[in-house]
Amino acid sequence: MNKQVEIPAELPLVVRLLLQHGLLEKENLEEVQKVLGQQNQPVEEALVSAELASETAIATVYAEHLRLPLTGLEKPLTAHEEMARLIGEKLCREHLVVPVGQENGSLEVAFANPTDLTVFEQIQLLTGKVVLAKVAPYGLIQDALNNCFGKRDMVREITGEAKNEPVQEEEPDSIEEIVDLDRPVPKGRDSQVIRLVNHVLSWAVRNDASDIHLEPFEDSVKVRVRVDGQLQELSPPTRAMYVPMISRLKVLAKMDIAERRIPQDGAIALTIDQKRVDLRVSTVPTVYGEKMVMRILAKGTIPLDMTKLGFSAKQAEDFQIAAASPHGLLLVTGPTGSGKSTTLYAALNLLNKPNVNVMTVEDPVEYKFEGLNQVHVRAHVGLTFASALRAFLRQDPDVIMVGEVRDQETAQICLRAALTGHMVLSTLHTNDALAAVNRLVDMGAERFLLASALRLVEAQRLVRRLCEKCKQPYRLDADTAAKWRLDAGQEYFRPKGCEHCRNTGYKGRVGLFEVIRVTPKIRDMIAESKGLHELRREAQRQDMMLLSDAGIQKVREGLTSLEEALSVSMAEAEGE
């Protein structure tokens, strides 16, 4: 070009390159900016759709600017199917990339826009191979992806049906990629990181861990897993391996791998031994780097029979009758990690029927169930527990589940919903079941309204279950037996330790439950502002077990040791 063209710096790179090479007229800039503002699609596609530039011109200027080889002009692109499926259809289609070959640990990948460096890193972490970039017209990349994954049927995607066949394509946000831990790891530069991550995940899942902690320190790192409620260390990787491990997991969890200054949340879906396992992933920035904790969620562990959680037959019956009420409020209480969500999901499983509209608001949604309308809280855009609940009341619900009552506004809406014909289930952080009454009163609930709405309050704890292969029988001395309402002549059990339980004496956990039905007498006492001590006495008079009673009962049944039961119910037991 003979005259110097002044090109606005805020324009996308491809537009500036086309202008510089005379492949886009400056007179068309206004139309370009209009198109870019209207089109919800990549810049390259928008320019071609508006007939402002050709696919070949766009690929040519990218290749020349970045000094990358241009491919696909002489013969059609053919996807390397194994690598394409390893990268995943979602990533390939979203970023218009297609692997076209591999050689000596390197992977040749054709890009429509090769300027996004995070895509390079994601592909490298997913495949374990060094990425050799090429540039190709985006239409040829789409053709290669269609040949590999199947052509996209937009009508089918929009309506969700085509010729009464199952939907193959989904909206991008709903496409779920599942990591197969049983699949061999391809050799490459990052295969060591992938194998290390897979080993930690596999060990944790196969040993029934509930959480995995990856923690950085000044000169070292720690990998700890929580098994049966107790943290234990695994052999740690080197400090140099830590950041690649975190990056690999962040890619799998669909987090921003470039952002390390703020906490992030994500999720990973796994299959191992042909079983589905979900991970809830959380990172926080510490002084030595990002700490990551992964909560292991196995949907198959939620039983339909609540006695398998540890409820007595009477407690399970009381709970189910209350949950099936046409309206009212049911509260599950306990500390973090005591299994409250599992209990609520077990109840929702029983209520999940075609004639019942069940809606839940959770932070986050831990288990996804067919038939439940589940909403994930997003406070940063104004979707809070309270705002979701207000919307729910216009959605004709029968049953509403609220992940947690955290504030006065949420408590008031829950109470109002329970009093206007809806069954509301929720959780609360209190030491025992009846303490929930005072907690809600502190949040502004009127006692007479609370007494009318409450159907049942339940508290729970998890205790370690004695290993069936090595638990050791013994007899208590008379004083100890009398103190804890046990029979000195009866045989009880204590931990010993063997290979099966990793020498801890315990294998698995069992729940202790305090289920308090709000009977007419207890309802009157709540309305009359009776104290917690009086409410507990009345519950015991009506043959309801408190936490301390439930712990002692599990000791009698030989499911746990006296020491373990008292570790979570000592205060209640000594207060009696």
Do side-chain atoms of [X] reach the backbone of [Y] as a donor and acceptor pair under 3.5 angstrom?
| X | Y | value |
| --- | --- | --- |
| E404 | S426 | no |
| Q264 | M255 | no |
| Q460 | P335 | no |
| S247 | P244 | no |
| R85 | M83 | no |
| Y242 | L214 | yes |
| R248 | L125 | yes |
| D273 | K275 | no |
| H80 | P99 | no |
| T343 | G339 | yes |

Can you tell if the side chain of [X] reaches within under 4.5 Å of the side chain of [Y], non-hydrogen atoms only?
| X | Y | answer |
| --- | --- | --- |
| N373 | T360 | no |
| T283 | V293 | no |
| E564 | L466 | no |
| L252 | L126 | yes |
| L331 | T427 | no |
| P397 | V358 | no |
| R509 | V463 | no |
| L132 | L107 | no |

Nearest 0.5 Å, what's the [atom1]-[atom2] distance between [X] and [Y]?
| X | Y | atom1 | atom2 | result |
| --- | --- | --- | --- | --- |
| L428 | T410 | CG | OG1 | 11.0 Å |
| D398 | M423 | CG | CE | 12.0 Å |
| L270 | L297 | CG | CG | 10.5 Å |
| L201 | I272 | CG | CD1 | 8.0 Å |
| R464 | S567 | CZ | OG | 7.5 Å |
| M443 | R439 | CE | CZ | 3.5 Å |

Side-chain donor-acceptor pair present, K129, Q102, cut-off under 3.5 Å: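 Note: K129 and Q102 side chains meet the donor-acceptor criterion.
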Checking side-chain polar atoms at under 3.5 Å, does S561 have a donor or acceptor matched by the opposite partner on Y506?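 There is such a pair (donor and acceptor under 3.5 Å, judged by atom type) between the side chains of S561 and Y506.
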Please say which of V457, T333, L546 ends up in a side chain to side chain contact (heavy atoms under 4.5 Å, CB included) with L434.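 Only one of V457, T333, L546 forms a side chain to side chain contact (heavy atoms under 4.5 Å, CB included) with L434, namely V457.
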For a salt bridge (charged side-chain N to carboxylate O under 4.0 Å, His left out) with E215, tell me which candidate from K291, R239, K222 qualifies.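 Exactly one candidate clears the test, K291.
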For D363, the option from R406, R280, R378 that meets salt bridge (charged side-chain N to carboxylate O under 4.0 Å, His left out):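 Exactly one pass, corresponding to R406.
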Any salt bridge linking [X] with [Y]? Criterion: basic side-chain nitrogen under 4.0 Å from a carboxylate oxygen.
| X | Y | answer |
| --- | --- | --- |
| E409 | R390 | yes |
| D278 | R276 | yes |
| R536 | D432 | yes |
| R295 | D211 | yes |
| E563 | R494 | no |
| R224 | E233 | no |

Give the C-alpha distance, both sets of side-chain angles, the deciding distance and a yes or no for side chain to side chain contact (heavy atoms under 4.5 Å, CB included) between L547 and R461. CA-CA 8 Å; L547 277 174; R461 301 289 188 277; 3.8 Å; yes
Please walk me through it: do V14 and N113 pass side chain to side chain contact (heavy atoms under 4.5 Å, CB included)? CA-CA 9 Å; V14 66; N113 175 4; over 6 Å; no
Restricting to non-hydrogen atoms, name the atom on [X] and the atom on [Y] that form the minimum distance, rounded to 0.1 Å.
| X | Y | answer |
| --- | --- | --- |
| C470 | C501 | SG-SG, 3.8 Å |
| D228 | R502 | OD2-NH2, 4.3 Å |
| V510 | G310 | CG2-CA, 4.2 Å |
| I413 | A386 | CD1-O, 3.6 Å |
| P237 | V221 | O-CG2, 3.2 Å |
| Q374 | K368 | OE1-CA, 3.4 Å |

Could you go through the side chain to side chain contact (heavy atoms under 4.5 Å, CB included) check for M401 and V399 one step at a time? CA-CA 7 Å; M401 193 272 268; V399 178; 5.7 Å; no
Under 6.0 Å between ring centres, would you say that holds for Y288 and F217?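 Not close enough - the centres of the two rings lie 6.0 Å or further apart.
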Is the F120 ring parallel, tilted or perpendicular to the F111 ring (thresholds 30°, 60°)?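 It falls in the parallel class, under 30°.
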Below 30° counts as parallel, above 60° as perpendicular, anything between as tilted: where do the rings of F513 and F311 land?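 Geometry flag for F311 against F513: parallel rings.
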Would you please test L309 and T342 for side chain to side chain contact (heavy atoms under 4.5 Å, CB included) and show each step? CA-CA 9 Å; L309 294 174; T342 301; 3.9 Å; yes
Output all residues satisfying side-chain contact (heavy atoms from CB on, under 4.5 Å) with N503, sequence neighbours left out; order by chain, then residue number.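 If we apply the side-chain contact (heavy atoms from CB on, under 4.5 Å) test to N503, skipping adjacent residues, there are no hits.
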